[in-house]
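Just so it is clear, the values below take in all heavy atoms, side chains as well, and ignore hydrogens, waters and symmetry mates.
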Amino acid sequence: MAPSLEAPEPVEDVLSNPLKQKPQLVAPEPEHCPGPESEKAGTADSCAGCPNQKICASAPKGPDPDIPLITARLSGIKHKILVLSGKGGVGKSTFTSLLAHAFATNPESTVGVMDTDICGPSIPKMLGVESETIHVSSTGWSPVWAMDNLAVMSIQFMLPNRDDAIIWRGPKKNGLIKQFLKDVEWGDLDFLLVDTPPGTSDEHLSVNTFLKESGIDGAVMVTTPQEVALLDVRKEIDFCRKAGIKILGLVENMSAFVCPKCEHPGEIFKATTGGGQALAQEMGIPFLGKVPLDPRIGMACDYGESFFDSFPDSPACKALKGVVRSLAENMKLDPGVVMPED
C-alpha cells in the first residue's frame, strides 16, 4: 500500500491565516469546543477542565496588528508587481533585474526591487550593489540605491560575508519579509517589483498577506519552454487564482539561443508541448512574449550593468522591450511612458 500524507489543511484556512500555526493540542477537541483559534478559546465556559485550555488561551488570535502599519508605509507606491514561477532556474531574478532596468529607463519613474529569495539572494549582484550595506535611521531602513531612480532591498546587505548561508525556518523568513515592508523607507515609488523564490509556500503566503490590504497589481509568470518547467508554473498559476492574485501575463524566457555574431536562433530547450504560449492559451492568461537566450544577459548581470544600455540593438533587448510594453498595456498604462521609445 502506498504511504499517505497527513490530511492537508483547507486551502481557505491557510490563505486567510498563512502566518499562524495551529496550536498543538494535547487532547481531542471536546464536543462544545469554540475552536482553538476562536476569540473565546481557553476562556469560554465549555473550556473549563479541558486539557487544552492553557494552550488555546495563549495561542495568537485576530488579524496581524502590523498590517495597517505596512499599508501606511507602502501608501506612496503606485504599482506592486510579483515575479513568480514555481520553478527554479527559469530566470526569475534575471527577469526582475531586467524589468527594473526597463522601468528605470524613464528618468521620471522611481523603481524599487524587494528580494524575498531569502536563501538565495542574487538581485544585489545583478544590480551591481552586492557590497553595499543598509543604513538605519530614526525613520527606518534605507534601501540601497543602484541608480538615481532604482532602489533595492535584500538580505544580502545584512550578511557579514557574501558567501554566508542563510539557514532559517519559515517564521524567521516571514519576519524578515515583514520588516522589508514595514521598516524600509521606500518612499514614493512608481513600481515595486518583488522577486520571489521557487514554490508556493512561506515567502509567497507572507508577501500576499502583507500586501493584500495595500493592493497588488498582479503577478508576472516566468517559464522556459520545456514541459518540466511548465509543470511547476501551472501550480503557481493555481496558487495565484486561489490567493486572488491577478496574473498580468506569462513570459517565456530562454525561448531560443540567438548567436551574438550571426543572430541565428537555435532551440536549446525544445517546447515539446507548445511552450509558454500554449500554456498561456490553455490557462487563459495573457502571453507577454518570448525572450531569447543571450549569453550577454548573463554577462551584464555578472557585472551589475544594465543590459538595455550595454546591448540596445540585440534581439533579446528588442524582445524584452516588447514584453515590457505588453505588460504596461495589461496594466492599463501608457507603454511609451513606462518605457520611452529610443
Side-chain angles (χ1 to χ4, degrees), residues 18-19 21 64 66 69-70 73-74 77 80 82-85 87-101 104 110-187 189 192-199 201-211 297-307:
L19 309 180
Q21 193 169 13
D64 191 325
D66 287 329
L69 300 176
I70 292 172
R73 175 70 89 173
L74 304 181
I77 301 174
K80 306 175 192 73
L82 310 182
V83 180
L84 305 172
S85 171
K87 179 70 175 174
V90 299
K92 287 183 303 300
S93 296
T94 300
F95 181 77
T96 301
S97 67
L98 292 168
L99 190 58
H101 277 303
T110 307
V111 185
V113 180
M114 190 174 83
D115 187 0
T116 63
D117 193 346
I118 306 300
C119 294
S122 52
I123 288 290
K125 175 72 173 176
M126 293 179 176
L127 295 180
V129 289
E130 187 181 21
S131 60
E132 299 293 331
T133 56
I134 296 172
H135 175 68
V136 182
S137 67
S138 58
T139 57
W141 299 358
S142 298
V144 172
W145 290 88
M147 296 167 54
D148 290 342
N149 61 340
L150 176 55
V152 192
M153 179 53 67
S154 171
I155 192 175
Q156 183 69 47
F157 303 135
M158 305 176 187
L159 300 180
N161 302 298
R162 72 176 193 172
D163 295 331
D164 286 351
I166 298 97
I167 307 172
W168 286 4
R169 298 184 190 274
K172 256 193 130 172
K173 293 180 185 178
N174 298 336
L176 183 66
I177 292 171
K178 180 188 282 190
Q179 283 189 286
F180 281 176
L181 294 168
K182 180 172 69 76
D183 297 334
V184 173
E185 193 179 5
W186 289 108
L189 298 178
L192 177 65
L193 307 178
V194 182
D195 180 40
T196 63
S201 191
D202 289 323
E203 294 91 336
H204 308 78
L205 289 167
S206 298
V207 168
N208 182 49
T209 301
F210 295 141
L211 290 179
I297 293 178
M299 186 172 67
C301 289
D302 281 349
Y303 286 103
E305 298 173 353
S306 170
F307 181 71

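Closest approach of P121 and I155 over heavy atoms only: CG-CG2, 3.7 Å. When all heavy atoms of R162 and E130 are compared, the closest pair comes out as NH1-OE1, 3.2 Å.
Looking at N149 and T110, their side chains never bring a donor and an acceptor atom within 3.5 Å of each other. Using a 3.5 Å distance cut-off with no hydrogens or angles, the side chains of E203 and T196 do not pair a donor with an acceptor.
The shortest distance between side-chain heavy atoms of R73 and E185 falls below 4.5 Å. Looking only at side-chain heavy atoms (C-beta outward), M114 and P143 stay at 4.5 Å or farther from each other. Counting only heavy atoms from C-beta outward, the side chains of V194 and K80 never approach each other to under 4.5 Å. Residues D202 and R169 are not in side-chain contact: their nearest non-hydrogen atoms beyond the backbone lie 4.5 Å or more apart.
With respect to the salt-bridge test (charged N to carboxylate O, under 4.0 angstrom), the residues K92 and D195 do not qualify.
Panel note: side chain D183, backbone F180; no donor-acceptor pair is recorded below 3.5 Å. A donor-acceptor distance shorter than 3.5 angstrom exists from the side chain of H204 to the backbone of P197, with no hydrogens or angles considered. With hydrogens and angles disregarded, no donor-acceptor distance shorter than 3.5 Å links the side chain of W141 to the backbone of Q179.
Each of I118, D117, L176 was checked for a side-chain contact (heavy atoms from CB on, under 4.5 Å) with I166, and the lone residue meeting it is I118. The only option from S154, S131, S97 that meets the side-chain contact (heavy atoms from CB on, under 4.5 Å) definition with P124 turns out to be S154.
For the atom pair CZ of F210 and NZ of K182, the computed distance is 10.0 Å after rounding to the nearest 0.5 Å.
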